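One-based numbering, in listed order, for ligands and for the atoms of each. Since the model is a prediction, treat every value here as computed from it, not as a measurement.
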Amino acid sequence: MTAYTEVMDNYLQARRRMVEEHIAARGVRDPRVLAAMCAIPRHLFVPEGQWHHAHEDHPLPLGEGQTISQPYIVAAMTEALEVTPESKVLEIGTGSGYQTAILAHLAKMVYTVEIIQSLSVRARLALQRLDLRNVRFRIGDGHLGWPEFAPYDRVVVTAAAETMPFPLVEQMSDGGKMVVPVGPVGAQVLTLGVKHGTKLVQRHLMGVAFVPFVHKDEGPGNRG
Ligand code: SAH
């Protein structure tokens, strides 16, 4: 056993507890999602000084003013997406790459877009370390999605949008599902959209608090 796997295993108990106490206990049932949350070493996606906090149920700072989402929210969003081993997934807001890794564990292929270069680079290294190869990374503004590889069966946005982002809906396959936090700071609602032909049937899942989806001309440093 390498030093690396020993370090990972030191946190296995912590991950099991996280899944039981913060995720299953709060209503996430999908066994594939729970298994993925047990399998992916979450601490590798937070700064080393925060490893001992990695399994607590709250967001953690990532640097660059961004946060890694709390484990329950990652699990709930992933469950709502109903990712299958055949799914082609588009993720907007790579952040730490933690949800990217969970999605890569469950899906066929993940395409992930992040506006802050340093975060994307770090996430790529973390996924390489876990040997998750079914992921393509892009640095740029995710508002326009990633048309080159469309259509996607599943779309997840991990920053809050003002409205349902329609370029992303256009890049979804028929029957595709999308999970996105919609609304202003303080009143965001996690919304599930299911595409039926030209229609998007929407359902509110729960209230949430995400960092805002930034537009390229604003720059992530210019928010209040
Ligand atoms: N699921 C991620 C969440 C990170 S927070 C995690 O758990 O680590 C949301 C991320 O969205 C941030 O990294 C932020 O930089 C990114 N983001 C915000 N606006 C964006 C945009 N327009 N395009 C792409 N990424 C964006």
Side-chain angles (χ1 to χ4, degrees), residues 18 22-23 33 36-37 40-47 50 53-81 83 89-107 110-127 130 132 135-147 154-168 171 178-185 188 190 208-224:
M18 170 185 90
H22 303 310
I23 297 175
V33 174
M37 304 284 297
I40 300 296
R42 180 170 162 89
H43 66 283
L44 296 182
F45 295 87
V46 309
Q50 303 279 338
H53 292 305
H55 306 92
E56 296 164 9
D57 199 32
H58 52 74
L60 285 171
L62 274 184
E64 310 283 350
Q66 303 304 316
T67 54
I68 175 169
S69 308
Q70 75 186 94
Y72 166 70
I73 291 292
V74 173
M77 288 175 90
T78 306
E79 181 177 55
L81 268 184
V83 175
V89 183
L90 175 66
E91 178 189 45
I92 306 297
T94 314
S96 65
Y98 176 66
Q99 183 148 23
T100 320
I102 298 287
L103 294 168
H105 190 86
L106 295 169
V110 180
Y111 297 83
T112 185
V113 183
E114 169 59 52
I115 202 164
I116 300 177
Q117 181 173 11
S118 60
L119 293 181
S120 179
V121 169
R122 226 194 293 157
R124 192 187 300 236
L125 290 174
L127 270 92
L130 296 175
L132 287 166
V135 181
R136 288 184 86 139
F137 294 83
R138 179 180 179 182
I139 297 162
D141 185 346
H143 275 96
L144 299 176
W146 196 345
R154 302 290 184 262
V155 177
V156 60
V157 181
T158 73
E162 284 140 43
T163 54
M164 224 43 187
F166 272 91
L168 304 185
Q171 288 171 31
M178 173 185 227
V179 173
V180 43
V182 182
V185 173
Q188 299 167 6
L190 192 63
V208 284
F210 277 84
V211 296
F213 202 20
V214 296
H215 288 272
K216 199 160 191 171
D217 48 339
E218 292 171 32
N222 297 339
R223 281 178 282 116

Y98: ring pair (Phe, Tyr, Trp, His ring centres under 6.0 Å) partners, not counting sequence neighbours: F45

Numbered atoms of ligand 1 (with element) below 4.0 Å of G142, judged on heavy atoms: 21 (C), 22 (N), 23 (N), 24 (C)

Distance filter under 4.0 Å to I116 heavy atoms, resulting ligand 1 atoms: 15 (O)

Ring pair (Phe, Tyr, Trp, His ring centres under 6.0 Å) against H22, all qualifying residues, sequence neighbours excluded: none

Close approach of G140 to ligand 1, heavy atoms, under 4.0 angstrom: yes

Sub-4.0 Å atoms of ligand 1 with respect to non-hydrogen atoms of D141: 21 (C), 22 (N), 23 (N)

Proximity to ligand 1 by part of E114, non-hydrogen separation under 4.0 Å: both

Option from V33, I102, L106 for which side-chain contact (heavy atoms from CB on, under 4.5 Å) with V83 holds: L106

Contact atoms of ligand 1, heavy-atom distance to V113 under 4.0 Å: 24 (C), 25 (N)

Region of V74 that comes within reach of ligand 1 [heavy atoms, distance under 4.0 Å]: neither

Derivation of the side chain to side chain contact (heavy atoms under 4.5 Å, CB included) call for Q171 and V155: CA-CA 9 Å; Q171 288 171 31; V155 177; over 6 Å; no

Step-by-step side chain to side chain contact (heavy atoms under 4.5 Å, CB included) determination, L103 to T78: CA-CA 7 Å; L103 294 168; T78 306; 4.1 Å; yes

Test applied, side-chain contact (heavy atoms from CB on, under 4.5 Å); reference residue, T100; option that passes from V89, L127, I40: L127

E56 and H53: side chain donor to acceptor below 3.5 Å: yes

Proximity to ligand 1 by part of T158, non-hydrogen separation under 4.0 Å: both

Within-cut-off N or O pair, Y98 and ligand 1, under 3.5 Å: no

Atom indices of ligand 1 within 4.0 angstrom of H143 heavy atoms, with elements: 22 (N)

Contact atoms of ligand 1, heavy-atom distance to S69 under 4.0 Å: 1 (N), 3 (C), 6 (C), 7 (O)

Step-by-step side chain to side chain contact (heavy atoms under 4.5 Å, CB included) determination, R42 to I68: CA-CA 10 Å; R42 180 170 162 89; I68 175 169; 3.7 Å; yes

Sub-4.0 Å atoms of ligand 1 with respect to non-hydrogen atoms of V211: 5 (S), 9 (C)

Stepwise side chain to side chain contact (heavy atoms under 4.5 Å, CB included) test for D57 and I23: CA-CA 9 Å; D57 199 32; I23 297 175; 5.6 Å; no

Per-residue contact class, L119 against ligand 1 - non-hydrogen pairs under 4.0 Å: side chain

Test of proximity, S96 against ligand 1: N or O pairs below 3.5 Å: yes

Closest contact, heavy atoms only, P147 versus R138: CD-NH1, 4.3 Å

Residue pair T158 / Q99, side-chain donor-acceptor N/O under 3.5 Å: no

Under 3.5 Å: N/O of I115 near N/O of ligand 1: yes

Residue G95 vicinity, atoms of ligand 1 by number, heavy atom under 4.0 Å: 4 (C), 8 (O), 13 (O)

F213, portion touching ligand 1 at heavy-atom distance under 4.0 Å: both

